[in-house]
Structures are given as structure tokens and as C-alpha cells.
Amino acid sequence: MNDAPHPPDHTDDELARLDITVLLRYGLTAGPGPRRTALIGDGAAAAAVVLDRLGTEPRSVAFLADTVRAGGLARAAELPEPVPGREAAVLVHEWLRTGAELVGGIAADDTAATWLRAVATIIEVKQLTRARGQDT
């Protein structure tokens, strides 16, 4: 029996090259199925890789998730700095604007908040794993 961990489906570099904006555009308002799965799965992992590389703290993304859940994507897109750091803020603004442009209402807002919470969790796991000296 092989006890080696299952190899990842995608490397961090491959994930970082995914077009997160496209995944949001087609996944936020999609019903259960491949588009939603791609957004919540690979899309969240990709966003986590990118934001982690930019030094974004998971608590900042979790706070943004709470803001989106409470006020919606349109309100969050108006924030001057949705997450700390210029480059990360510009990127996240693009993601928020993409979601706000959809006619998805509260359902899209809730999906976006869930997605952002997943992104925050993945960043946190990556940081904890790194702190323990394991490869992420």
C-alpha cells in the first residue's frame, strides 16, 4: 500500500495562471454543476495562491467575505481598499466588480462570500503548512 499523499491536480504556478475573473463571471450565478465547482474549487485555490504570494493575510479576506455577505458585492466593490496592499487591492477590486456586474442578487452575494471564505481558509492552511516547514 502506498501511503504517499495524493499528488495535487494543479501546481501553485498552474493555479496562479487561471483566469479568476472568468471563473467568477460564469460561476457566481451558475447552479450546482461544473461551473460552480470550478469556481469554488480551482478558483478559490487559485485566488488563495495569488493573494498568498502578495502577502495577503487570511483574516483580511475573511473580513471581506463578511462584508460581502452583509452588504453585497456592489457595496464591497466601492471599498477604497478591500484588502491591504495596493496590488492585492487592485486585483480584488476587479473580482468584486466582476461579481457586482452580474444580475445575481443575494444568491450571487452569498456565493461570493462563501468563495471568499474558502479563499481565506486556503491561505491560512498554506501559511500554517509553511510555518511547520512543509511545502505548499
Side-chain angles (χ1 to χ4, degrees):
M1 179 194 281
N2 185 354
D3 290 332
H6 177 69
D9 291 334
H10 300 290
T11 66
D12 280 3
D13 289 338
E14 290 171 332
L15 288 168
R17 289 190 296 270
L18 289 179
D19 191 335
I20 297 165
T21 304
V22 169
L23 291 171
L24 286 165
R25 184 174 300 121
Y26 294 105
L28 276 180
T29 57
R35 290 180 183 176
R36 176 71 58 90
T37 299
L39 172 64
I40 300 298
D42 289 346
V49 167
V50 171
L51 291 177
D52 183 50
R53 288 179 176 180
L54 293 173
T56 306
E57 290 295 324
R59 68 178 178 238
S60 298
V61 181
F63 182 79
L64 180 60
D66 293 343
T67 302
V68 169
R69 190 168 308 282
L73 282 161
R75 177 78 62 174
E78 294 172 357
L79 294 171
E81 189 176 63
V83 294
R86 172 125 174 82
E87 194 174 351
V90 167
L91 187 60
V92 171
H93 261 132
E94 178 184 339
W95 298 343
L96 293 171
R97 279 192 308 271
T98 296
E101 291 170 358
L102 300 171
V103 183
I106 293 172
D109 293 341
D110 285 345
T111 299
T114 299
W115 178 76
L116 286 164
R117 183 61 72 168
V119 172
T121 299
I122 295 167
I123 294 170
E124 184 175 21
V125 169
K126 290 179 79 50
Q127 290 178 353
L128 290 170
T129 302
R130 242 188 337 267
R132 290 185 179 120
Q134 299 171 354
D135 188 26
T136 60

Pairs meeting criterion salt bridge (charged side-chain N to carboxylate O under 4.0 Å, His left out) with involvement of residues 28-40, two or more places apart | none
Grab the two heavy atoms, one from Ala108 and one from Leu28, that are nearest each other, plus how far apart they are.
-> O-CD2, 3.9 Å
Sorted by first residue and then second, give each ring pair (Phe, Tyr, Trp, His ring centres under 6.0 Å) pair with at least one member in residues 63-93; sequence neighbours left out.
-> none
Contacts table for residues 74-88: side-chain donor-acceptor under 3.5 angstrom, sequence neighbours left out:
none

Which pairs pass salt bridge (charged side-chain N to carboxylate O under 4.0 Å, His left out) with one or both residues in residues 111-124, sequence neighbours excluded?
-> Asp66-Arg117
Report the distance from atom CG of Leu128 to atom CD1 of Ile123, rounding to the nearest 0.5 Å.
-> 12.0 Å
Which ring pair (Phe, Tyr, Trp, His ring centres under 6.0 Å) pairs, counting each pair once, include a residue from residues 66-85, with sequence neighbours left out?
-> none
Could you grab the distance from atom CG of Leu51 to atom CG of Leu91, nearest 0.5 Å is fine?
-> 6.0 Å
For Arg59, does the CZ atom sit with more than 12 other heavy atoms under 6.0 Å from it, leaving out its own atoms?
-> no
Show which side-chain atoms of residues 16-25 pair as donor or acceptor with protein atoms under 3.5 Å away, not counting sequence neighbours.
unit_1	atom_1	unit_2	atom_2	d
Arg17	NH1	Asp13	O	3.4
Asp19	OD1	Thr21	N	3.2
Asp19	OD1	Val22	N	3.2
Thr21	OG1	Glu94	OE2	2.8

From CH2 (Trp95) to CG (Leu64), nearest 0.5 Å = 10.0 Å
State the OG1-CD1 distance between Thr129 and Ile122, to the nearest 0.5 angstrom.
-> 11.5 Å
Can you measure from CG (Asp52) to CG (Asp12) and round to the nearest 0.5 angstrom?
-> 8.0 Å
Among the clusters formed by ILVMFWY side chains lying less than 4.5 Å apart, do Leu15 and Tyr26 turn up in the same one?
-> no
Please round to the nearest 0.5 Å and tell me the distance separating atom CG of Leu102 and atom CG of Leu73.
-> 8.0 Å
Report the residues that fulfil side chain to side chain contact (heavy atoms under 4.5 Å, CB included) with Ala118, sequence neighbours left out, ordered by chain and then residue number.
-> Ala44
Taken in chain and number order and not counting sequence neighbours, the residues that satisfy side chain to side chain contact (heavy atoms under 4.5 Å, CB included) with Asp110 are Arg69, Ile106
